[in-house]
Amino acid sequence: PSANKIYIAIRVFRACTELGIRTVAVYSEQDRGQMHRQKADEAYLIGKGLLPVAAYLHIPDIIRVAKENNVDAIHPGYGFLSERSDFAQACADAGVRFIGPSPETVRKMGDKVEARSLAISAGVPVVPGTDGPIASLEEARLFAETYGFPIIFKAAYGGGGRGMRVVKEYEELEENYQRAYSEALTAFGNGALFVEKFIERPRHIEVQILGDKYGNVIHLFERDCSIQRRHQKVVEIAPAADLDPNLRDRLTSDSVKLAKQVGYENAGTVEFLVDKHGKHYFIEVNSRLQVEHTVTEEVTDVDLVHAQLRVCEGRSLSELGLIQEQIRVNGCAIQCRVTTEDPARGFQPDTGRLEVFRSGEGMGIRLDSASAFPGAVISPHYDSLLVKVIASGKDMATAAAKMHRALSEFRVRGVKVGCRRRWGLGEEVKLLRAVQGAEGMTRPAGVVDLSPSILSCQLIRR
């Protein structure tokens, strides 16, 4: 799988080893040489004769490997089957524990319309939108006439920015409806869409939650994921800068309230938009570990994968020492995603062999990767994430300075990386200086969409 999928497999294997648990990997025919196969105690081929993505989505083969090798539990990582309720159910039917929420909870949270309904019943504010998936373009027209433009189409059964289209005026409605439907159908096998009023220039704030089997739920504070490109997160920060303490309390309280409403177990993320007036609106729940869980770990000193494994074993949060009043945020952490994308071609994914790879390291820098080394082959079959760079410091200025320095040390040859000139210098550094508060700038005003032509962000002056 891609670097982020391989990485999370290795991340889980390392946590298991630390806890004295043996590990089993699965791999496709094309991934025989990938690093996650080497890091596990055992590794088995799945999806023989299938394309790589299809192999990792082949539930019967995964269950077969689990049963034949006496596997006790399966960690779904992120991507692929991680939010598929049928996979969680298949694990349960086979007597294998699924390291995540129950199949029913995964189903409810994966259906964005039902998740929205549950949020409303829990008293959590939501963006005005349709009560269910729309069946026609005409329903979208009626919604726009009622609430006005801009509106946004969203895939009813998926996320990650796919099947998401903003419509600012009537003339754009039909084209964006068709494109959103097509994207959702291709990405998730279901083109169902729902429509919401589009909140302009919001902040994208998400709250990390953790629940056990006994109805206990805690939060591990929030992350700011407002710096995005094409609805894809690029930079994540914990905690969110300049967030009103009362707003933080409402966000975390609503997250825990919703999680308890559905009997949430294991790790998850509740995502919100915050408008310019400080009002927050529920978006969705991701019933899995997030790519950006790293920044939460850095500022809370809680190993989320350890916690996932222990909760799956039946340990309570209190047994793990995870008591809400004792969870504290220390300092600031920033994560940047290094991707193999070509800026000259509109940030299209690039593939090939890494000829040179030198990373930025040092105090306060964490690198999470699995395919970033000289000689590694970047496959066209998966997403373009190469390595996650996480910088930590006593405050945002310190963390941003460390990130700036680490990115400037990167050297990558053989594939294009998501920035002009060497790597890290140029627009990314400007962005980080802005996050750092240099030159009279402060935090992003809202969700910042990094365009292919200028990888930069608009900011509020002090």
#### Entry: is_close_aromatic(Phe153, Tyr177), centroid dist under 6.0 Å
yes

### Query
Are the side chain of Arg165 and the backbone of Tyr181 linked by a donor-acceptor contact shorter than 3.5 Å?
no

### Query
Distance-only, no hydrogens or angles: does the Thr186 side chain make a donor-acceptor pair with backbone N or O of Glu183 under 3.5 Å?
no

### Message
Could you check whether any side-chain N or O of Asn190 sits under 3.5 Å from a backbone N or O of Ala192, counting only pairs where one atom can act as donor and the other as acceptor?
### Response
yes

### Message
Looking at Gly268, is its backbone amide N or carbonyl O close enough to the side chain of Gln208 to form a donor-acceptor pair, meaning the two atoms are under 3.5 Å apart?
### Response
yes

### Query
What are the two closest heavy atoms between Leu273 and Pro202, and how far apart are they?
CD2-CG, 3.9 Å

### Task
Determine yes or no for a side-chain-to-main-chain donor-acceptor pair under 3.5 angstrom, with Asp111 supplying the side chain and Arg107 the backbone.
no

#### Entry: Short N-O contact, Lys112 and Glu196, less than 4.0 angstrom
no

### Ring centres under 6.0 angstrom apart (His58, Tyr56)
no

### Query
Is any side-chain N of the basic residue among Arg179 and Glu175 closer than 4.0 Å to the acidic one's carboxylate O?
yes

### Task
Using the six-membered ring wherever Trp is involved, compare the ring planes of Phe357 and Phe410 and label them parallel, tilted or perpendicular (cut-offs 30° and 60°).
perpendicular

### Query
Looking only at atom types and distance, does a side-chain atom of Glu222 sit under 3.5 Å from a main-chain N or O of Ala240, one as donor and one as acceptor?
yes

### Query
Is a donor on one side and an acceptor on the other found under 3.5 Å between the side chain of Asn286 and the backbone of Thr269?
no

### Query
Do side-chain atoms of Asp303 reach the backbone of His306 as a donor and acceptor pair under 3.5 angstrom?
yes

